[in-house]
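Here, residue 1 is the first one in the sequence, and each next residue gets the next number.
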Amino acid sequence: MDNNKLFSHTEPVIFERGSSGRDGASTPAADVEAVDVKSVLPASMIRDEISDLPDLSEVEVVRHFTRLSQLNYGVDSGFYPLGSCTMKYNPKINEDVCRFPGFTGSHPYQPETLSQGNLQLMYELQDMMGEISGLPKVTLQPAAGAQGEMTGMMMIRAYHEANGNARKKVLIPDTAHGTNPATSALCGYSVVPVKSNERGIIDAEAIHELMDEDVAALMLTNPNTLGLFEENIVEIAKIIHDKGGLIYCDGANMNALMGVGKPGDMGVDVLHINLHKTFSTPHGGGGPGSGPVCVTEQLADYLPVPVVEKDGKKYSLNFDLPKTIGRVKAFYGNFGVLVRAYAYILTMGAEGLARVSKTAVVNANYIRERLKGHYDLAYDTPSMHEAVFSDKLQAPQGIKTLDIAKRLIDYGFHPPTIYFPLVVHGALMIEPTETEGRRTLDAFCDAMIAIAGEAKTEPDLLKNAPSNAKFRRLDEVKAARDPKLRWRPRAQGLA
Ligand SMILES: *Cc1c(COP(=O)(O)O)cnc(C)c1O
């Protein structure tokens, strides 16, 4: 339980640490006479809150922020099996590369002639995304998966409108990520849910029954959020295409597919890829992401502008696409994220990327097999990138998924995604990714199995978990309804 240290710091807010007279800076004595600020600035420009700033020495400030940084559990501190999020280790070389001065010092308003290297990188990354997805036309603009979905669905709408009828509905499986129906609704479509079958995937028959000429598209996640491959996709695509609809594929789970299968070959028309999940950008803390959208030639005219083009050896930005949906983001996307993805793909190579997918799948199946019998497997179908269990076997002892997740903290592990996907009651969604070795997977499975044992013999250990962490179980409802977002020393009577 060595990892427990990671959870057991406390750190008072910096305002509680100061004491008057301490200082973090030494400046030479002034050689001019001091003036009273009030005599030179109008009262309205003088902030009186400034007097609430704590007085601290340099080392106190450094220690405070270092300790805060250590409170943050990340993939660099331990196993982070958050299903659907692909919290894999991001090689540090990609961080180094995106900080090369040539990249960090360039400006989006720089003329094209002085940005040839950046444009080449974007052009080649577009090609790589096209190759990986099997969909040749690509935009790198969207800042996240959700914005990629929005971009893709706007293109689908524009395509149908150009054909004289925007259509009314979008079909979405009941296993989908919440962003799928949200995107469809924002694009003016009503959402028709598609029930997955007893194996957790979509039957062609279910699509056949729902498909008509009012359906603009099917939004399908493949592999889906149960970690299962939608194996009827080719047949499903034919049914959708025969009635003039398009297939949007949510590619957030490309970590299980790249180098092995191309969605474009399966009949997909539009796909987004989450660079921050699959292609080496740290995520989870709200930093920049990237959701490139890859489409068929048929949809190329609707791409957001500008698109990066190449003529001979010269790279340029094309703003002149008459049918474009317009811009979806300022400038050209989150460039630093693009650099990381580019560096990652070049260091891995095509074979390396295929090995990533295969290892991610092997790891998920390893966990599935080791935990099978200890936890209920919602669908006993071979996994792709993640395995979804439930709390069904623990429910008779009054133990819920949340108790299992909290107890994992006592064992030093970040809990998996819980209560998603919604089709599995009390879901525990575990995505180990390819970057974990057997030892970590075994340690995690041992902890999960020990917890399953405790659920039978000492259920209170789970109900009161976490007990080793500094903070016990938090009141999440109160935290959501009554958030305390700002420290006001005055209001607390401490100033
Ligand atoms: C993460 C995820 C999204 C949303 O992507 P963001 O980059 O977080 O906006 C959409 N669909 C699925 C299946 C995902 O896992």
Side-chain angles (χ1 to χ4, degrees), residues 2-78 80 90 92-108 281-289 334-337 339-340 409 412 414 466 468-472 474-476 478-480 482-495:
D2 284 344
N3 281 356
N4 286 332
K5 284 200 249 25
L6 295 167
F7 295 102
S8 45
H9 286 288
T10 61
E11 184 66 15
V13 292
I14 202 160
F15 296 98
E16 285 177 6
R17 302 197 72 94
S19 47
S20 69
R22 289 191 201 163
D23 205 337
S26 340
T27 45
D31 55 5
V32 293
E33 215 167 293
V35 288
D36 181 6
V37 185
K38 292 191 186 106
S39 71
V40 287
L41 285 178
S44 64
M45 295 184 74
I46 302 173
R47 283 178 46 175
D48 60 1
E49 306 103 282
I50 212 103
S51 62
D52 293 339
L53 284 178
D55 294 3
L56 292 149
S57 69
E58 180 173 322
V59 68
E60 287 174 313
V61 174
V62 168
R63 286 186 184 154
H64 174 72
F65 286 105
T66 302
R67 280 194 292 252
L68 282 188
S69 76
Q70 290 166 346
L71 282 174
N72 195 13
Y73 188 96
V75 77
D76 289 354
S77 18
Y80 207 139
N90 304 296
K92 295 293 170 269
I93 188 169
N94 305 322
E95 295 298 315
D96 287 345
V97 170
C98 81
R99 287 170 175 77
F100 282 177
F103 294 131
T104 54
S106 54
H107 192 281
T281 279
H283 63 291
N334 282 327
F335 186 67
V337 182
V339 179
R340 288 176 179 91
I409 295 173
H414 194 289
N468 293 338
K470 189 72 201 174
F471 295 101
R472 308 297 290 271
L474 303 176
D475 184 345
E476 289 169 7
K478 189 170 163 61
D482 184 18
K484 190 174 154 191
L485 300 175
R486 191 154 183 232
W487 175 256
R488 290 193 201 88
R490 285 254 171 86
Q492 312 292 336
L494 293 174

Asker: Return yes if some donor-acceptor pair links the side-chain N/O of Ser77 with the main-chain N/O of Tyr73 below 3.5 Å, else return no.
Answerer: no
Asker: Just wondering, do Val61 and Arg22 contact through their side chains at under 4.5 Å, heavy atoms?
Answerer: no
Asker: Under a 3.5 Å distance rule, please check whether Asp23 uses its side chain to pair with a backbone N or O of Ala25 as donor and acceptor.
Answerer: yes
Asker: Return yes if some donor-acceptor pair links the side-chain N/O of Thr66 with the main-chain N/O of Arg63 below 3.5 Å, else return no.
Answerer: no
Asker: For Lys478, give me all partners under salt bridge (Lys or Arg N to Asp or Glu O under 4.0 Å), at least two apart in sequence or on another chain.
Answerer: Asp482
Asker: Of all the heavy-atom pairs spanning Ser20 and Asp55, show the shortest one and how long it is.
Answerer: CA-OD2, 3.3 Å
Asker: Indicate the atoms forming the closest heavy-atom contact of Phe103 with Cys98, along with that distance.
Answerer: CB-O, 4.0 Å
Asker: Work out which heavy atom in Ile409 is nearest to a heavy atom in Ala469; give both atom names and the distance.
Answerer: CG2-CB, 4.1 Å
Asker: Where is the tightest heavy-atom contact between Pro12 and His64, given as atom of each residue plus distance?
Answerer: O-CE1, 3.3 Å
Asker: I'd like to know whether CD1 of Ile93 has more than 12 heavy-atom contacts from other residues, nucleotides or ligands below 6.0 angstrom.
Answerer: no
Asker: Taking all heavy atoms of Pro282 and all of Arg340, pick out the closest pair and write down the distance.
Answerer: CD-NE, 4.1 Å
Asker: Please report the closest heavy-atom contact between Phe65 and Ile14, naming both atoms and the distance.
Answerer: CE1-CD1, 3.9 Å
Asker: Working to the nearest 0.5 Å, report the span between CD of Glu60 and OG of Ser19.
Answerer: 6.5 Å
Asker: Which value, rounded to the nearest 0.5 Å, describes the distance between Asn94 atom CG and Thr281 atom OG1?
Answerer: 8.0 Å
